[in-house]
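Data first, discussion second: the structure below is written as structure tokens.
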Amino acid sequence: PLEMSAKRPVPFLRQVIPVRKKVQRDPRFDDLSGEYKPEIFMKTYSFLDSIKKQEKEMVQKQLKKCRNTEQKEKLQQLLNCMTQQEQAQKKQQKLRERELSLKRQQRELAKQGKKPFFLKKSEKRKLELAEKYAELKRSGKLESFLNKKRKRNAIKDKRHLPSQKNL
């Protein structure tokens with residue numbers, strides 16, 4: 001076999017002083033960017049809501065004018081995505097407001113000299129369900145919601161029952 005030299009030739013343009021690499025940092029995980037506070041974030045970027053609303057109206061207008069089926073489907077998907085984001089944001093806002101109201105109540109009780117009482121996760125969930133129930137009753141969609149829930153539970157129960165094959 002052919003012997004190869006272990007000596008490597010020196011490159012023509014040799015770096016005498018090593019250049020420092022730029023350190024890239026992700027502001028989401030960096031302490032220099034500060035702490036994330038959703039209330040402040042919402043106040044700072046509240047102008048985006050109006051822009052999103054305008055974009056949604058524009059997409060709706062395009063959807064009405066559009067004749068091409070593929071383009072129409074894409075616009076419909078975009079519109080659905082926008083509405084889902086809007087609903088999620090409203091839900092998040094409601095949750096935040098509920099938590100703030102609970103905190104205010106705790107502060108008032110503390111001012112009166114009573115011991116603070118913090119709700120468990122399960123109790124918070126119960127309150128949320130009660131609120132959802134009241135809202136559904138108010139809107140008149142309670143029956144349909146309960147029917148869907150019953151069907152879902154019936155399907156779950158059927159899964160746990162032994163099948164005819166096993167008997």
Side-chain angles (χ1 to χ4, degrees), residues 19-107 117-167:
V19 181
R20 286 181 60 189
K21 279 188 174 179
K22 281 188 177 180
V23 179
Q24 292 182 342
R25 61 185 194 87
D26 194 342
R28 295 174 297 173
F29 309 112
D30 202 351
D31 291 333
L32 293 172
S33 301
E35 197 176 320
Y36 173 69
K37 294 179 182 172
E39 292 84 22
I40 295 170
F41 182 84
M42 292 300 290
K43 284 179 186 174
T44 311
Y45 295 102
S46 60
F47 66 94
L48 288 176
D49 293 333
S50 60
I51 294 170
K52 284 181 183 178
K53 196 174 185 180
Q54 289 173 350
E55 285 179 352
K56 188 178 175 183
E57 289 171 1
M58 197 170 69
V59 169
Q60 285 174 336
K61 286 177 184 176
Q62 285 179 349
L63 190 65
K64 285 180 182 177
K65 289 180 184 178
C66 189
R67 298 278 183 244
N68 190 0
T69 55
E70 291 176 19
Q71 189 73 20
K72 208 169 191 175
E73 284 179 19
K74 284 183 182 177
L75 286 171
Q76 189 63 45
Q77 284 179 344
L78 182 64
L79 189 66
N80 288 342
C81 183
M82 287 175 152
T83 52
Q84 283 177 352
Q85 283 178 349
E86 200 175 290
Q87 287 172 351
Q89 194 175 7
K90 283 180 183 176
K91 191 176 181 181
Q92 201 78 353
Q93 186 67 26
K94 272 187 178 179
L95 227 162
R96 228 177 274 125
E97 286 174 4
R98 192 180 303 121
E99 285 179 8
L100 282 171
S101 67
L102 286 171
K103 282 182 182 178
R104 282 191 202 111
Q105 286 176 354
Q106 292 303 323
R107 283 190 196 126
F117 175 74
F118 300 102
L119 291 172
K120 295 178 192 172
K121 213 174 194 179
S122 60
E123 291 170 346
K124 283 182 185 177
R125 203 175 297 126
K126 282 178 186 175
L127 285 172
E128 195 175 314
L129 279 170
E131 194 175 300
K132 187 177 181 180
Y133 179 83
E135 193 176 311
L136 285 168
K137 196 171 187 176
R138 209 177 316 115
S139 63
K141 297 177 182 176
L142 182 65
E143 279 301 316
S144 62
F145 175 77
L146 288 175
N147 285 336
K148 284 180 187 176
K149 194 91 171 161
R150 279 188 205 108
K151 284 180 185 176
R152 215 175 295 134
N153 288 339
I155 291 168
K156 283 182 185 176
D157 291 341
K158 281 182 184 177
R159 276 195 209 130
H160 293 297
L161 288 173
S163 62
Q164 289 292 336
K165 287 185 233 176
N166 294 347
L167 297 176

Closest non-hydrogen atoms of L75 and V59, given as atom of the first, atom of the second and distance, are O-CG1, 3.8 Å
Nearest heavy-atom approach of P27 to S33 is O-OG, 3.3 Å
Check the pair E143, L136 against side-chain contact (heavy atoms from CB on, under 4.5 Å), reporting the backbone distance first and the verdict last. CA-CA 9 Å; E143 279 301 316; L136 285 168; over 6 Å; no
Decide side-chain contact (heavy atoms from CB on, under 4.5 Å) for M82 and K52; before the verdict, give the C-alpha distance in whole Å, the side-chain angles of both, and the deciding distance to 0.1 Å. CA-CA 8 Å; M82 287 175 152; K52 284 181 183 178; over 6 Å; no
Salt-bridge contact [X]-[Y] (side-chain N to carboxylate O under 4.0 Å):
X	Y	result
R98	E131	yes
E135	K94	yes
E86	K53	no

How far does [atom1] of [X] sit from [atom2] of [Y], to the nearest 0.5 angstrom?
X	Y	atom1	atom2	answer
D49	Q54	CG	CD	11.5 Å
Q105	F117	CD	CZ	12.0 Å
E97	Q93	CD	CD	5.0 Å
H160	K156	NE2	NZ	8.0 Å
E55	M58	CD	CE	6.0 Å
L63	K65	CG	NZ	12.0 Å

Might you confirm whether atom [atom1] of [X] has over 12 heavy atoms from other residues, nucleotides or ligands at distances under 6.0 Å?
X	atom1	result
E70	CD	no
N147	CG	yes
Y45	OH	no
K72	NZ	no

Can you check whether Y36 reaches R28 side chain to side chain, under 4.5 Å on heavy atoms? no
Do the non-hydrogen side-chain atoms of L95 and E99 ever get within less than 4.5 Å of each other? yes
Assess whether side-chain contact (heavy atoms from CB on, under 4.5 Å) is satisfied between E123 and L127, documenting all intermediate values. CA-CA 6 Å; E123 291 170 346; L127 285 172; 5.8 Å; no
One pair to check against side-chain contact (heavy atoms from CB on, under 4.5 Å): R125 and K121. What are the steps and the verdict? CA-CA 6 Å; R125 203 175 297 126; K121 213 174 194 179; 4.2 Å; yes
Would you say N153 and R150 are linked by a side-chain donor-acceptor pair, where the criterion is simply a distance under 3.5 Å? no
